[in-house]
Protein chains: 2
Amino acid sequence: MTEYEFLIKHLQDRIDLSDEEANQFVSNFKIKKIKKRQFIVQPDFVAQHRNYVVEGALRAYVVNDEGQEHTIAFAIEDWWISDYNSYIYQQPATMFVMALEDAVLLQIDFETEAKLKGANPKFETFFRITAERTAAFFQRRIITNLTSSAEERYEKFINQFPLIANRVPQYALASYLGMTTEFLSKIKNNKLKK
Amino acid sequence: MTEYEFLIKHLQDRIDLSDEEANQFVSNFKIKKIKKRQFIVQPDFVAQHRNYVVEGALRAYVVNDEGQEHTIAFAIEDWWISDYNSYIYQQPATMFVMALEDAVLLQIDFETEAKLKGANPKFETFFRITAERTAAFFQRRIITNLTSSAEERYEKFINQFPLIANRVPQYALASYLGMTTEFLSKIKNNKLKK
DNA sequence: AAATAAGGTTGAACTAGTTCAAGTTTACTT
DNA sequence: AAGTAAACTTGAACTAGTTCAACCTTATTT
């Protein structure tokens, strides 16, 4: 399976496209190979691309004034990642997006994406569906964060995303879940005195 | 200004539409007047509409097993509100959406919205932009919640949404910000011992 | 194979925010 | 205008989760 075939499948799972249309769509993406610890987005620079993960794992995070890192998103195979706000508004990023493992991405830039949307209403539909699901996903995370304890948030995460939970460093997962790495360690090892 | 003119302005601020197109778009919305404390969405029922607020204030919230209410969203004039997840996937809602004041809404249902998107690619573009901005908004909230203390979250909220802060009950704002109403009261009245 | 860096664990002291309970103020109803 | 319900305040006791510091384990580099 070539890099592009993964994205074609992703597309055809979401909208009804002929092979020709699908090929036209994906031909606007470029293959990008990156090494572990390499950055594809950094604060103060505009996020140039929307990135589809063909292989590997990445992490988006912010660093606050005290130097603490907070994980905003993970992405593994068949996920998208960028600094969302920076990309859609084409404004300076606030996040780092870094490879947790060597990775293969398919990248599209903002201008090319705009042309693509204009070229075929189905492509616009694809981005609309993607954005809607992203919004729904983020809202579910907001709800979980508001309604659950640290332990419950961890439980829900491993149930929903077992493949991610086992693949990312614990400090990154802890900060995604809004707790310290020490506290997550205690949850995992059941060292919370009852 | 009629109810529809508010929505037409909202549209034309986001996409380039002729008057005729704008009128076609808004003619698919129905005016709905509701009284304070009335619900437009309830758990276990599918959210039937996307709601544009012409006048009034509403609140979306979930209730957890212990009976605690957590505010997920507010909406005042020129905002949209629904149970987002329920509406886009047409699945049973988990939220209540209730009027905090008598309100005037413009409602579109899921089927009509789908037809509208098919009728004109510009309409699809409008919903794509709306979804993207919604996702970006939600992500900013996730970041604030992960990176800020209760006091900072309150400060940011009153700076960003002063009109909402002064219009909604404090217990509703507290639960939106992820804290108790008692704690928000202490923040506001500077009763935190330093 | 050794050296170093990165990631994870443990316990003790601490604190930001919660819970509870009682009282006060403000807004609706009759 | 009085009565009731809803919303807000205050303080004291508590707890979920943090901080800090030291140690242990696993990866990566030389």
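In what follows, chains carry the letters A, B, and so on, assigned in the order in which the sequence lines appear, proteins first and then strands, with residues in each chain numbered from 1. These numbers were taken from a predicted model, which means no experiment stands behind them.
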Undergrad: Is it true that A/E124 and A/R128 have a side-chain N and a carboxylate O under 4.0 angstrom from each other?
TA: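 Salt bridge absent between A/E124 and A/R128.
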
Undergrad: Output the rounded distance in Å from CG (B/N190) to P (D/dT10).
TA: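 Taking CG of B/N190 and P of D/dT10, I get 11 Å after rounding.
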
Undergrad: For a quick check, with a 4.0 angstrom heavy-atom cut-off, what is the B/S/- contact string for nucleotides 22-30 of chain D, read 5' to 3'?
TA: ------S--

Undergrad: Determine whether the aromatic ring centres of B/Y4 and B/F29 lie less than 6.0 Å apart.
TA: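 Centroid distance B/Y4-B/F29: not below 6.0 Å, so no.
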
Undergrad: When the ring centroid of B/F126 is compared with that of B/F25, is the distance short of 6.0 Å?
TA: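 Under 6.0 Å, so yes.
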
Undergrad: Decide yes or no, distance alone: a donor-acceptor N/O pair under 3.5 angstrom between the base of C/dG8 and the side-chain of A/K186.
TA: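 A donor-acceptor contact between them is absent.
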
Undergrad: Round to the nearest Å and state the distance from A/L184 atom CG to D/dT19 atom P.
TA: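 Rounding to the nearest Å, CG of A/L184 and P of D/dT19 are 15 Å apart.
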
Undergrad: Look for any protein N or O under 3.5 Å of an N or O in nucleotides 14-16 of chain C and output each such pair with its distance, or none.
TA:
none

Undergrad: Enumerate the salt bridge (Lys or Arg N to Asp or Glu O under 4.0 Å) contacts for residues 137-149 of chain B, please, sequence neighbours excluded, ordered by first and then second residue.
TA: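 Of all non-adjacent pairs touching residues 137-149 of chain B, none passes salt bridge (Lys or Arg N to Asp or Glu O under 4.0 Å).
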
Undergrad: Got B/V54 and B/L105 here, is their nearest side-chain heavy-atom distance under 4.5 Å?
TA: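 The answer is no, as the side chains (C-beta and beyond) never meet within the 4.5 Å cut-off.
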
Undergrad: Round to a whole Å and report the spacing from CE of B/M179 to P of D/dT9.
TA: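 After rounding, the reported distance stands at 13 Å.
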
Undergrad: Name every residue in residues 152-161 of chain B that has at least one heavy atom under 4.0 Å from any atom of DNA chain D, in order of residue number, or write none if there are no such residues.
TA: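 Those residues whose heavy atoms fall under 4.0 Å from DNA chain D, taken from residues 152-161 of chain B, amount to none.
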
Undergrad: How long is the line joining CG of B/N189 and P of C/dT24, in whole Å?
TA: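 Distance, rounded to whole Å: 16 Å.
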
Undergrad: Please examine the side chains of B/S185 and B/Q170, heavy atoms only from C-beta on, and report whether any two atoms are closer than 4.5 Å.
TA: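 Of all side-chain heavy-atom pairs linking B/S185 with B/Q170, at least one is under 4.5 Å.
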
Undergrad: So do the side chains of B/E3 and B/V104 get within less than 4.5 Å of each other, counting heavy atoms only?
TA: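 SC-SC contact between B/E3 and B/V104 confirmed.
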
Undergrad: Can you tell which of A/I81, A/L58, A/V53, A/L173 makes a side chain to side chain contact (heavy atoms under 4.5 Å, CB included) with A/F74?
TA: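 Testing each of A/I81, A/L58, A/V53, A/L173 against A/F74, the sole residue satisfying side chain to side chain contact (heavy atoms under 4.5 Å, CB included) is A/L173.
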
Undergrad: So if I take residues 56-72 of chain B and measure heavy-atom distances to DNA chain D, which residues fall below 4.0 Å?
TA: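 Going residue by residue through residues 56-72 of chain B, none turns out to have a heavy atom under 4.0 Å of DNA chain D.
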
Undergrad: With a 4.5 Å cut-off on side-chain heavy atoms, are B/I34 and B/I40 touching?
TA: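 Yes. Closest side-chain heavy atoms under 4.5 Å.
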
Undergrad: Can you find a heavy atom in the side chain of A/M98 that is under 4.5 Å from one in the side chain of A/Q38?
TA: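 Contact flag for A/M98/A/Q38 side chains = no.
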
Undergrad: Salt bridge check: are A/D102 and A/K35 linked by an N-O gap of less than 4.0 Å?
TA: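 Looking at A/D102 and A/K35, the cut-off is met.
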
Undergrad: Determine: side-chain N/O of A/T181 to OP1/OP2 of C/dG8, distance under 4.0 Å, yes or no.
TA: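 False: A/T181 side-chain N/O out of range (4.0 Å or more) of C/dG8 OP1/OP2.
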
Undergrad: Salt bridge or not for A/E113 and A/K117, using N-O below 4.0 Å?
TA: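 Looking at A/K117 together with A/E113, the answer is yes, because their closest N to O distance falls below 4.0 Å.
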
Undergrad: Going by number, which of residues 166-178 of chain B have a non-hydrogen atom under 4.0 Å from DNA chain D?
TA: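 Correct list: B/P169, B/Q170, B/Y171.
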
Undergrad: A/F157 and A/Y176: ring pair (Phe, Tyr, Trp, His ring centres under 6.0 Å), yes or no, with the steps?
TA: CA-CA 10 Å; A/F157 190 89; A/Y176 180 92; 5.3 Å; yes

Undergrad: Look up atom OH in A/Y171 and atom OG1 in A/T180, then write down how far apart they are to the nearest 0.5 Å.
TA: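 Here the interatomic distance stands at 15.0 Å.
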
Undergrad: Is the shortest heavy-atom distance from the side chain of A/V26 to the side chain of A/L106 under 4.5 Å?
TA: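 No, every pair of side-chain atoms sits at 4.5 Å or beyond.
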
Undergrad: Can you find a pair of side-chain heavy atoms, one from B/L17 and one from B/F123, that are under 4.5 Å apart?
TA: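 The answer is yes; the side chains approach within 4.5 Å.
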
Undergrad: Tell me: CD of B/E182 to P of C/dC20, nearest whole Å?
TA: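 Those two atoms, CD and P, are 10 Å apart.
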
